[in-house]
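Right, one structure below, let's go through it.
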Amino acid sequence: MDSTHGHVRPDRGADEMSGIDEPSDEPAWVEPGPSRAGVDIRGSSSQVHNLVVVGAACSGKSRLLCEVASRVPSEWRLIQPPSTPRTDVWRRLSRPTIDVSHWENVWRILIVGSYLSFANVHQHLLDEENRERLRSVMTTLPLGDPHSVRHPYTVMTELSSGLRSASGSELTNGKEADWLRAERVTGDLAPLLPPVVIIIDHLDNYFDNHPSEMAEVQGGLVALIAHNDRQRWIPRNVRLLAAVRRSTLDFLRKNGVPNLSTAACIKEIVWDLGSLERLFLQRLRGSDGRPRTMRWLVRPMGQEGQVRSSAQRRIDQLLQHTSLVAGDVDKLAGVLCEKRDFVGRQLTADEFEEGISSTAIDILNALAHNTVSDLRSLSVSRGFARQPSVETNDEQDQLRRQLITSISAMDKDTFTPSEAARMLEAFPDSLRFLILEALWRSRLVARVEGNRWLYSRTYSDRLGPAWTLAGWNPVLAEECKLTPTWEEISVGYV
């Protein structure tokens, strides 16, 4: 099947099955940790009809979508996403000013268009009257006569290429009645056709090119799926599974969309420390699949030959150099295993710390990059003109460098509210009041209680006005050469 269209699973035994059910080299699933309600996220996510997975970069959003999709009954078809469209495609469907409701309507059109292509491929299952209704709708909309199933991304690319201008409004001008009719036909035909799951993922691929626009794109999708709980326009045998970045809900709140935190369809991935430890140990497994322990990787505390000893557990030492997400732990496990294989023995304490420090720079670069993207997306509001694309200016890199420089000028790895206020004076007003909360949400900043660094657990946690002492994540403190307040710290959540 053409990669520009989307991959469909006819059934679990067919040769054209998507990768979701094929044999995989992926390690076994590690549960991120029980939710506050005591239900595992994989099970609770599988129970909701439509799903939006929210999480930090590298938290395992795509993996959770795959797990949920793998639990779908075999009679359901899967429409997998093709390559994510590039920034210029999204831009052509946008309006000049920030308007989440516009993108909610665009996603509605894209999903209807995708389902109509699915219905067209399966029209042999319809009677003549319904086939005629389908043909009538297909000829009045710019969808052509597709003979393969189109993913919403493909529908968007095709609709975008047909626009005469990059205004976005041209997509529906003069076609509102036709799209509404198509929506009604979709609802009527869905019970007569096989049930289908549409997976929408990798929306972060080009986020950095145009943060405010891509935040709007993700926000519109979240609003559409969440509002369906009330509006019920998506047929019951059509399921949407989507993944968006953690800051999307902040963007929606800032742009006037009511709080969606109680929507049953929204599931945020939060890794607890025990789960991250299990994940790390799983990644130490040899090629034969046999489990390995921390003792295999690094010499035990106090063993002869250690340059220095520490009372801190090795796994705690490792986790404090992460943002408490699976991707960081994966990266550290890979680097440390490679280092262990290279020396051909257990690592010494110094070698272990060296491996962590070298990887921490990559982790910091990714965190700083995502934080700056979030800042740019949150610095504009509904009705205001969107920012110029960073493809045409270097504002993103300048802001990242300014952040690192300002933090490096601080003396130590902890700071008070007044010290934070002085640091932020160098930034423009549009960003000054957003920076600290953005760093907090990215887990580059923690509340400090004694030698404990406490990070935000969920997107709704706020650093707030009541804090008296905060600290920089060690990956940032070490890169900026800040003096440590404590010789050893522990990490956790507020």
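Since the model is a prediction, treat every value here as computed from it, not as a measurement.
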Test item: D461 side-chain N/O and T458 main-chain N/O as donor-acceptor pair under 3.5 Å: yes

Whether W103 and W90 hold their rings parallel, tilted or perpendicular, with breakpoints at 30° and 60°: tilted

Residue pairs passing the salt bridge (charged side-chain N to carboxylate O under 4.0 Å, His left out) test where at least one lies in residues 103-119, sequence neighbours excluded: R108-E183

Centroid-centroid distance, Y206 to H210, less than 6.0 Å: no

Main-chain N/O of E31 paired with S275 side-chain donor or acceptor, under 3.5 Å: yes

N/O donor-acceptor pair under 3.5 Å between S114 side chain and I111 backbone: no

Side-chain donor or acceptor of S45 paired with backbone N/O of I41 under 3.5 Å: yes

S323 side chain reached by L444 side chain, heavy atoms, under 4.5 Å: no

Any side-chain heavy-atom pair of R77 and V197 under 4.5 Å: no

R245 NZ/CZ over F207 ring centroid, <6.0 Å and within 45° of normal: yes

Non-hydrogen side-chain atoms of V329 and R283 separated by less than 4.5 Å: no

Polar side-chain atom of N228 near backbone of I234 as donor-acceptor pair, under 3.5 Å: yes

Side-chain heavy-atom pair R253, V257 within 4.5 angstrom cut-off: no

V238 backbone acceptor or donor facing H49 side chain under 3.5 Å: yes

Residues forming a salt bridge (Lys or Arg N to Asp or Glu O under 4.0 Å) with R401, sequence neighbours excluded: none

Those residues that, when tested against R42, pass salt bridge (Lys or Arg N to Asp or Glu O under 4.0 Å) (two or more places apart): E67

Donor-acceptor pair, side chain of R150 and main chain of G113, under 3.5 angstrom: no

N-O pairing of K331 and D328 below 4.0 Å: no

Side-chain touch W107/V222, heavy atoms, less than 4.5 angstrom: no

